[in-house]
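Chain A is the first sequence line, chain B the second, and so forth, proteins listed ahead of strands; every chain is numbered from 1. Model, not experiment: these values are computed from the prediction.
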There are 2 protein chains.
Amino acid sequence: MPMQDMHLVHHECGDCPIRHRAVCARCEADELSRLEQIKYYRSYQAGQTVVWSGDRMDFVASVVSGIATLTQTMEDGRRQMVGLLLPSDFVGRPGRSTAAYDVTATTDLVMCCFRKKPFEDMMLSTPHIGQRLLEMTLDELDAAREWMLLLGRKTAREKIASLLAIIARRDATLKLKTAKGPLVFDLPLTREEMADYLGLTLETVSRQISALRREGIILLDGKRHVTIPDFDLLLEEAGDDSDGGVLG
Amino acid sequence: MPMQDMHLVHHECGDCPIRHRAVCARCEADELSRLEQIKYYRSYQAGQTVVWSGDRMDFVASVVSGIATLTQTMEDGRRQMVGLLLPSDFVGRPGRSTAAYDVTATTDLVMCCFRKKPFEDMMLSTPHIGQRLLEMTLDELDAAREWMLLLGRKTAREKIASLLAIIARRDATLKLKTAKGPLVFDLPLTREEMADYLGLTLETVSRQISALRREGIILLDGKRHVTIPDFDLLLEEAGDDSDGGVLG
DNA sequence: CGTAATCTTGATGTTTTTCAACGGAAGTGG
DNA sequence: CCACTTCCGTTGAAAAACATCAAGATTACG
C-alpha cells in the first residue's frame with residue numbers, strides 16, 4: 001500500500017462517533033468486542049485514492065470521519081459520481097473481491113476497516129451485522145434512485161439547488177442545529193466534483209451558483225462558504241415536493 | 001383492492017420458475033414450506049398500477065412472471081423510471097409501510113406476495129432470507145449506479161444503445177441462447193417508457209432508434225420487434241467498456 | 001512572489017427539447 | 001364491414017438548455 005498514511009489509532013468502539021449509525025449499530029457488547037478484535041483504522045489525506053475501480057479490495061470499511069466519493073469513469077474520461085460517503089457509511093461489498101468504483105478521499109478521511117474474510121465470517125454468525133447492512137443498503141438504494149430522478153429529469157438549476165439542499169440538511173443534522181434561522185456551511189466539493197455528481201460541466205455549475213447568488217437565494221462568502229437565508233426558497237428551486245430528503 | 005384481477009393459483013415452491021433466483025433462493029426445504037404457508041399470488045393486467053407512491057403497502061412480493069416498473073414523478077409531471085422489475089426481482093421494503101415509488105405492470109404480471117408482518121417475522125428467524133435479500137439489494141444498488149452513469153453522462157444515442165443491449169442480453173439469458181448469431185427480441189417498453197427510463201423525451205428516443213436502424217446497427221420489424229445482427233457493434237455505440245452488464 | 005489550482009464569465013456550437021403535424025394499427029360501436 | 005377514435009410512433013422546424021472553447025480573476029500555497 002504505497003504512499004498511504006496509515007495510522008494505528010486505537011479507539012474503543014463504545015466511544016466511537018459512528019457507533020449508532022454504522023454497520024455495527026445493532027451489535028451487542030459481546031458482538032462489538034469481537035468486531036473490535038478484527039478492526040483497524042486507516043487514514044487518507046484529502047485527494048488520495050482509497051481504491052481504484054477493478055483493483056483487488058481485501059477489506060470493507062466504515063467512514064469514521066471525512067468525506068469520500070464513489071465515481072465511475074468511461075474510457076474517454078467522462079466521469080459520474082455515484083455516491084457520496086459520509087461518516088458511518090459503508091464501503092465495499094461482502095462477497096466481491098474487486099472494487100466496482102473509484103473511491104477517493106475528498107477531505108481528510110479516517111476509515112474503520114475489517115479484512116474481508118473475517119468480516120464475512122462474522123456476518124454469518126452475527127445476524128445483527130447483516131440486518132444493519134441490509135437496512136443501510138436499502139437506504140442507499142433509495143438515495144441512488146432519488147439521484148436518478150435528479151440526473152434524468154431535473155434542470156441544471158434544480159440540480160444545484162437540490163445538491164445545496166442536501167448538503168445543508170446533512171450539515172444541520174450533524175450540528176444538531178435548530179430548525180429555523182439561516183443555514184451556514186462550507187461546500188465539501190469543488191465545482192468540478194459537483195459537476196461530476198450532478199451530470200453537468202463545471203462551467204454550468206459555476207454559472208448556476210452565480211445565478212442563485214445574484215437572485216439572493218444563497219449568499220456566498222468566498223467560493224465555498226454558503227449561507228442559505230430561506231431554506232424553503234431553496235427547496236422550491238430544487239423542484240422537490242417540499243419535504244423529501246435523501247437523508248432521513 | 002378495487003379492479004384487481006386476483007388469482008388464487010397455488011404453486012408448489014419446488015416447481016417455481018424463480019425458485020433459484022428470488023428472495024427464497026437460499027431457503028432449505030423446511031424454510032420453504034414455512035414461506036409457502038404465508039404466500040399468495042396476485043395477477044395484474046398490462047397497464048395496471050400495483051401501488052401508487054405514498055400509498056400504504058402491506059405486502060412485499062417477488063415478480064414471478066412479466067415486467068413491472070418503478071417510477072418517480074415530480075409535481076409537474078416529469079417522470080423518471082428508477083427500476084425495471086423482472087422475474088425474481090423483489091418489490092417492497094421490509095420495515096416501511098408505504099410505497100416509495102409507483103409500481104406499474106408493463107406486461108401481464110404475476111407476483112408472489114407475502115403480507116409484510118409475517119414476512120418480517122420470518123426474516124428474523126430465517127437468516128437465509130435476509131442474506132439473499134441483502135445480496136439482491138446490493139445487486140440492485142450496482143444496477144442503479146450503472147444507470148446513474150448512463151443518465152448523467154451518456155448521449156441520447158448511447159442511452160438507447162445501452163438499453164437495447166441490456167434488454168437483448170437479458171432476453172438471451174432467459175432463452176438460454178447460444179453466444180453467437182443475431183439476437184432477436186421484442187421490446188417490452190413503449191417509446192415513452194423507454195424515454196422515462198433513459199431521461200429523454202419520446203421524440204428523441206424515436207429519432208435515435210430510427211438513426212440506429214438507418215445505420216444498420218439494429219433491424220426493426222414493426223415497432224417492437226428488434227434484430228441485432230452484431231452485438232459488439234451495438235456495444236460500441238453504448239459506450240461501455242466492452243464486457244460490462246447490469247445483469248450478471 | 002510566483003505558480004498552480006480553482007473559479008468565473010463570455011462567445012459560440014451542439015444536443016436535446018418543444019411544438020406541431022401526420023401515419024398506421026387496434027379497438028369500438030353502429 | 002366501416003367510420004371513428006385512441007394509442008403509439010415518426011418526422012420536421014424552431015427554440016431552449018447545456019456544452020465547449022477561450023480568456024481572465026481569484027485563491028491557495030510553496
Side-chain angles (χ1 to χ4, degrees), chain A residues 45-48 74 76-80 104 106-108 150-164 186-215 218-226 237 239, chain B residues 45-48 69 74 76-80 104 106-107 150-164 186-215 218-226 237 239:
Chain A
Q45 294 180 313
Q48 266 192 310
M74 294 171 68
D76 61 6
R78 281 176 283 177
R79 289 161 55 85
Q80 176 64 49
T104 309
T106 286
T107 64
D108 287 349
L150 177 144
L151 291 172
R153 292 303 185 195
K154 288 192 178 180
T155 65
R157 183 185 177 90
E158 289 169 335
K159 286 178 175 181
I160 295 289
S162 299
L163 179 60
L164 292 175
D186 284 299
L187 286 172
L189 303 174
T190 65
R191 300 288 187 266
E192 186 172 20
E193 287 166 334
M194 288 189 250
D196 284 344
Y197 204 8
L198 298 171
L200 298 170
T201 60
L202 68 92
E203 293 95 330
T204 299
V205 170
S206 184
R207 275 187 251 271
Q208 294 297 336
I209 288 180
S210 296
L212 290 176
R213 179 174 47 67
R214 268 197 305 277
E215 298 171 32
I218 63 173
L219 307 177
L220 274 182
D221 181 13
K223 297 161 192 309
R224 298 292 196 90
H225 195 73
V226 180
E237 298 300 330
Chain B
Q45 294 181 313
Q48 266 192 310
T69 62
M74 294 172 67
D76 61 6
R78 282 176 281 177
R79 288 162 56 84
Q80 177 64 50
T104 309
T106 285
T107 64
L150 177 144
L151 291 173
R153 292 304 187 194
K154 289 191 177 179
T155 64
R157 183 186 177 89
E158 289 169 335
K159 287 178 174 181
I160 296 289
S162 299
L163 179 60
L164 292 175
D186 284 299
L187 285 172
L189 304 174
T190 65
R191 300 288 186 265
E192 186 173 19
E193 286 166 335
M194 288 189 249
D196 284 344
Y197 204 7
L198 298 171
L200 297 171
T201 59
L202 68 92
E203 293 94 332
T204 299
V205 169
S206 183
R207 276 186 252 270
Q208 295 297 335
I209 289 180
S210 296
L212 290 175
R213 179 175 46 69
R214 270 198 304 277
E215 298 169 33
I218 62 174
L219 306 177
L220 273 183
D221 182 13
K223 297 157 193 309
R224 298 292 196 90
H225 196 73
V226 180
E237 298 300 331

Has [X] got a side-chain atom pairing as donor or acceptor with [Y]'s backbone, closer than 3.5 angstrom?
X	Y	value
A:Asp108	A:Gln45	no
B:Gln208	B:Val205	no
A:Ser162	A:Glu158	yes
B:Arg213	B:Ile218	no

Without decimals, in angstroms, what is the distance between B:Arg153 CZ and D:dA19 C1'?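 Rounded to the whole Å, the gap is 10 Å.
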Close side-chain approach of [X] to [Y], heavy-atom, < 4.5 Å:
X	Y	result
A:Leu202	A:Met194	no
A:Arg207	A:Thr201	no
B:Val226	B:Asp221	no
A:Leu189	A:Arg224	no
A:His225	A:Leu220	no

Counting primed atoms, P, OP1 and OP2 as sugar-phosphate and everything else as base, the B/S/- map of nucleotides 22-30 of chain D against protein heavy atoms under 4.0 Å is -----S---
**Asked** Tell me, which of residues 186-202 of chain B have any heavy atom that sits under 4.0 Å from an atom in DNA chain C?
**Response**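 Correct list: B:Gly199, B:Leu200, B:Thr201.
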Any residue in residues 204-213 of chain A with a heavy atom nearer than 4.0 angstrom to DNA chain C? Just list them by number, or reply none.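 Close to the strand are A:Ser206, A:Arg207, A:Ser210, A:Arg213.
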At what distance, to the nearest 0.5 angstrom, does [atom1] of [X] lie from [atom2] of [Y]?
X	Y	atom1	atom2	answer
B:Lys159	B:Thr204	NZ	OG1	9.5 Å
A:Leu150	B:Gln80	CG	CD	10.0 Å
A:Ile209	A:Ile160	CD1	CD1	5.0 Å
A:Tyr197	A:Leu163	OH	CG	7.5 Å

- Task: Taking heavy atoms of chain A and a 4.0 Å limit, find me the 5'-most and 3'-most nucleotide of DNA chain C within that range.
- Result: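 Endpoints of the contacted stretch of DNA chain C: C:dC7 to C:dA11.
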Practice item. Name all pairs fulfilling the salt bridge (Lys or Arg N to Asp or Glu O under 4.0 Å) condition that reach into residues 186-196 of chain B, sequence neighbours left out, sorted by first residue then second. Key: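 Matches after skipping sequence neighbours: A:Arg153-B:Asp196, B:Arg79-B:Asp196.
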To 10°, what angle do the rotation axes through the five end pairs on each side of the helix from C:dC1-D:dG30 to C:dG30-D:dC1 form?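 The value is 40°.
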B:Lys154/B:Glu237 ion pair, N-O < 4.0 Å: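 Result for this pair is no, no salt bridge flagged.
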Describe the nucleic acid contact of A:Arg224 in one word from base, sugar-phosphate, nothing, applying a heavy-atom distance below 4.0 Å.
->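 Answer is sugar-phosphate: A:Arg224 comes under 4.0 Å of backbone atoms only.
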